[in-house]
2 protein chains.
Amino acid sequence: MPEEVAVKTWRELSRQFAALSWALESALKEQHELGMSEFEVLDRLVEDEHRCLRMQELGELIHLSQSALSRTVARLEKDGLVERALCATDRRGVYVRLTDPGQQRHAEARPTHRRVINDTLRG
Amino acid sequence: MPEEVAVKTWRELSRQFAALSWALESALKEQHELGMSEFEVLDRLVEDEHRCLRMQELGELIHLSQSALSRTVARLEKDGLVERALCATDRRGVYVRLTDPGQQRHAEARPTHRRVINDTLRG
DNA sequence: GTACGCTAAATGCACGTGCATTGAATGCGC
DNA sequence: GCGCATTCAATGCACGTGCATTTAGCGTAC
């Protein structure tokens with residue numbers, strides 16, 4: 001890939017990401033009181049069979065530093081959307097479990113999320 | 001485009017952007033004492049015929065809020081890499097002009113920038 | 001058992017960003 | 001000329017993030 005093409009690709013990537021993340025952030029915040037990172041956590045938890053993941057697993061799925069993820073989960077916990085539970089087999093670890101209110105909030109926000117993605121990627 | 005495919009696209013976009021912006025940020029910071037946004041400003045200025053753009057023009061090229069751009073330019077100015085000049089025709093406007101040290105710093109950093117992009121997009 | 005290194009998650013801190021506001025300058029209507 | 005809405009850039013402030021460190025728990029070697 002010639003150098004200038006790579007730069008063009010990067011700029012296009014930036015542009016798309018900026019547009020979409022801004023659109024998601026504002027739509028989720030305004031309509032559902034959720035930040036993008038918060039929704040992302042809920043969205044991953046819903047996909048899990050047991051609606052429960054370890055911090056470490058979440059960290060691999062979500063592009064956030066370990067500390068940022070820790071605080072994001074803390075915010076969700078404060079709002080009662082997830083709960084933390086100690087890991088029985090390894091007490092250093094923490095399970096993050098989706099609560100019923102969390103599942104409900106996600107169900108409300110999900111259509112917004114999907115719609116914004118479709119609209120923005122199309123536009 | 002089916003809904004799940006759009007979500008996959010978004011997640012892939014996020015993943016690529018996170019990987020590339022992190023790689024750029026750390027490489028530019030470590031090797032050239034430049035943040036990604038700072039480099040982006042220099043990179044756009046170099047491409048301009050007169051190495052000089054209005055804040056507003058920069059704002060359209062770079063995906064940064066107006067306030068963030070203002071501060072990014074302020075940091076560059078503090079380091080002597082750009083200078084601000086009042087716009088003669090509209091005294092509300094500000095021209096941002098690349099200085100010689102700025103051009104030199106960009107020339108040093110550019111190969112790093114291009115290489116990281118190529119390597120990361122390929123990987 | 002104890003000591004050591006390693007890993008998981010939380011926290012102090014500094015920094016960059018966005019939002020809202022401010023201050024200055026322009027252009028339009030009158 | 002005089003207002004008045006609009007535009008451009010800068011700034012106060014709050015917030016989310018990353019880095020570095022801390023705290024706790026694990027595993028291995030001895």
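Just so you know, these numbers come straight off a predicted model, no measurement behind them. Chain letters run A, B, ... following the sequence lines, proteins first and then strands; every chain starts at 1.
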Pairwise distance CZ(A:Arg115) to OG1(A:Thr120) - rounded to 0.5 angstrom: 10.0 Å
Candidates B:Leu69, B:Leu98, B:Leu53 - the one meeting side chain to side chain contact (heavy atoms under 4.5 Å, CB included) with B:Val41: B:Leu69
Straight-line distance of A:His106 NE2 to A:Arg44 CZ, nearest 0.5 Å: 10.5 Å
B:Tyr95 with B:Leu42, same ILVMFWY side-chain cluster at under 4.5 Å: no
Between CD on residue A:Glu108 and CD on residue A:Gln104, distance to nearest 0.5 Å: 5.5 Å
Spacing between A:Leu64 atom CG and C:dA10 atom P, to the nearest angstrom: 13 Å
Per-nucleotide protein contact string for nucleotides 2-9 of chain C, where B marks a base within reach and S marks sugar-phosphate only (heavy atoms under 4.0 Å, - for neither): -----BSB
No-H, no-angle donor-acceptor pair, A:Ser67 side chain to D:dC19 base, under 3.5 Å: yes
Interface with DNA chain C, restricted to residues 17-40 of chain A and to heavy atoms under 4.0 Å: A:Trp22
Pairwise 5' ranking along DNA chain D for A:Ser65 and A:Cys87, keeping only the more 5' one: A:Ser65
Single hit among B:Arg75, B:Lys78, B:Arg105, B:Arg71 for salt bridge (Lys or Arg N to Asp or Glu O under 4.0 Å) with B:Glu38: B:Arg75
Distance-only donor-acceptor test, B:Arg71 side-chain atoms vs D:dG12 base atoms, 3.5 Å: yes
Length of the CG-C1' vector between B:Leu76 and C:dG16, whole Å: 13 Å
Proximal nucleotide (of C:dT17, D:dT17, C:dC19) relative to the A:Arg75 side chain: D:dT17
Where B:Ser21 and B:Ala18 come nearest, the two heavy atoms and their spacing: OG-O, 3.5 Å
In one Ile/Leu/Val/Met/Phe/Trp/Tyr side-chain cluster, 4.5 Å: A:Trp22, B:Leu58: no
Side-chain H-bond candidate by donor/acceptor type, B:Ser14 with B:Arg11, under 3.5 Å: no
Distance in angstrom units between B:Glu83 CD and D:dA9 P, rounded: 17 Å
Under 4.0 angstrom between A:Thr89 side-chain N/O and D:dC26 OP1 or OP2: no
Rounded distance in Å - CG (B:Leu58) to P (D:dC8): 14 Å
